[in-house]
Amino acid sequence: MEYAVEHYEDDFYIITNADDATNFKLVKTKVNQCSIDHWEDLIPHREEVLLEGFEIFKNYLVLEEREEGLLQLKIINTKNGDSHYLPFSDPTYTAYIGLI
């Protein structure tokens with residue numbers, strides 16, 4: 001099993017290939033209940049989309065997803081569940097989440 005963990009407030013956010021999630025999924029669990037039995041799927045595994053990474057912000061969750069060879073940045077409002085992809089005007093591009 002592969003996984004990476006981020007901590008935010010009272011939760012751990014875990015990107016993992018557990019449960020045959022070959023393209024990875026994102027789960028969340030309380031800091032004081034971090035065993036796999038308590039993991040809650042936030043972003044389920046999808047056959048057509050590779051989940052490459054994520055970042056957590058105060059009111060947003062940003063996903064790095066690869067579909068049909070291109071990386072897409074999906075922005076999810078954690079307060080109301082609304083989401084959208086960051087638009088790119090060119091047919092090919094390079095994008096990633098990061099701080100400068």
Side-chain angles (χ1 to χ4, degrees):
M1 176 171 43
E2 294 179 52
Y3 62 91
V5 179
E6 293 288 337
H7 176 250
Y8 184 75
E9 294 182 343
D10 296 330
D11 298 308
F12 286 128
Y13 290 77
I14 306 163
I15 187 171
T16 180
N17 66 348
D19 303 322
D20 297 319
T22 54
N23 282 339
F24 293 87
K25 64 181 181 175
L26 183 64
V27 300
K28 175 178 153 180
T29 190
K30 293 291 181 195
V31 171
N32 60 355
Q33 295 180 315
C34 54
S35 70
I36 198 168
D37 298 337
H38 297 284
W39 290 7
E40 169 192 345
D41 282 1
L42 289 180
I43 307 296
H45 173 259
R46 293 163 290 165
E47 289 292 329
E48 70 283 355
V49 178
L50 174 62
L51 181 59
E52 290 192 354
F54 69 98
E55 287 290 334
I56 306 164
F57 300 92
K58 182 177 179 181
N59 296 316
Y60 296 92
L61 175 64
V62 180
L63 306 177
E64 286 184 4
E65 301 177 338
R66 187 168 301 275
E67 186 172 12
E68 296 182 0
L70 287 177
L71 190 71
Q72 300 180 55
L73 301 179
K74 184 175 186 177
I75 302 166
I76 303 169
N77 182 320
T78 56
K79 299 297 180 191
N80 63 20
D82 288 346
S83 67
H84 68 278
Y85 286 94
L86 193 62
F88 295 98
S89 59
D90 293 321
T92 60
Y93 53 85
T94 300
Y96 58 92
I97 303 171
L99 301 174
I100 297 176

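Sequential numbering from 1 along the given sequence is applied to the chain's residues. These numbers come from the heavy atoms of this one structure, side chains and all, not from hydrogens, waters or symmetry mates.
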Chemist: Kindly indicate whether the side chain of F24, heavy atoms from C-beta on, has any atom under 4.5 Å from the side chain of E52.
Modeler: no

Chemist: Please report the shortest heavy-atom distance between T92 and L70, naming the atom on each side.
Modeler: CA-CD2, 4.4 Å

Chemist: Strictly by side-chain hydrogen bond (donor to acceptor under 3.5 Å, both in side chains), give each pair with a member in residues 73-83 just once, sequence neighbours left out.
Modeler: N80-D82

Chemist: Around Y93, counting heavy atoms of other residues, nucleotides and ligands shown, do more than 12 lie under 6.0 Å from its OH?
Modeler: yes

Chemist: Taking C-beta and beyond as the side chain, do V49 and R66 meet within less than 4.5 Å on heavy atoms?
Modeler: no

Chemist: So which heavy atom on I56 is nearest to which on E6, and how close?
Modeler: CD1-CB, 4.0 Å

Chemist: Report yes if some heavy atom in the side chain of V27 is under 4.5 Å from a heavy atom in the side chain of L42; otherwise report no.
Modeler: no

Chemist: If every non-hydrogen atom of A18 is compared with every non-hydrogen atom of I36, which pair is closest and at what distance?
Modeler: CB-CD1, 4.4 Å

Chemist: At their closest point, which heavy atom of A95 faces which heavy atom of L73, and how far apart are they?
Modeler: CB-CD1, 4.2 Å

Chemist: Just so I know, are the side chains of E67 and Q72 near enough to count as touching, which here means a heavy-atom distance under 4.5 Å?
Modeler: yes

Chemist: Keeping to residues at least two apart or across chains, list the salt bridge (charged side-chain N to carboxylate O under 4.0 Å, His left out) pairs with something in residues 29-51.
Modeler: D11-K30, K25-D41, R46-E65

Chemist: State whether the number of non-hydrogen atoms from other residues, nucleotides or ligands found under 6.0 Å of Y85 atom OH is greater than 12.
Modeler: yes

Chemist: Short question: side chain of E55, backbone of L61 - any donor-acceptor pair under 3.5 Å?
Modeler: no

Chemist: With clusters defined by side-chain heavy atoms of hydrophobic residues (ILVMFWY) lying less than 4.5 Å apart, directly or transitively, does Y96 cluster with L63?
Modeler: no

Chemist: Count the heavy atoms of every other residue, nucleotide or ligand shown that sit under 6.0 Å from OH of Y3, and state whether that count exceeds 12.
Modeler: no

Chemist: Kindly indicate whether the side chain of F12, heavy atoms from C-beta on, has any atom under 4.5 Å from the side chain of H38.
Modeler: no

Chemist: Would I75 and F88 show up in the same hydrophobic cluster when neighbours are defined by side-chain heavy atoms closer than 4.5 Å?
Modeler: yes

Chemist: Counting only N and O atoms by type, is there a donor-acceptor contact under 3.5 Å from the side chain of W39 to the main-chain atoms of C34?
Modeler: yes

Chemist: For atom CG of D10, decide whether the heavy atoms of other residues, nucleotides or ligands shown that lie under 6.0 angstrom number more than 12.
Modeler: no

Chemist: Between CG of L51 and CG of L26, what distance do you get to the nearest 0.5 Å?
Modeler: 6.5 Å

Chemist: I14 vs K28, test: side-chain contact (heavy atoms from CB on, under 4.5 Å). Steps then yes/no.
Modeler: CA-CA 6 Å; I14 306 163; K28 175 178 153 180; over 6 Å; no

Chemist: Step by step, work out the side-chain contact (heavy atoms from CB on, under 4.5 Å) result for H7 and V31.
Modeler: CA-CA 8 Å; H7 176 250; V31 171; 3.6 Å; yes

Chemist: Rounded to the nearest 0.5 Å, how far apart are CZ of F57 and CD1 of I76?
Modeler: 12.5 Å

Chemist: So do F54 and E64 actually touch side chain to side chain, heavy atoms under 4.5 Å?
Modeler: no

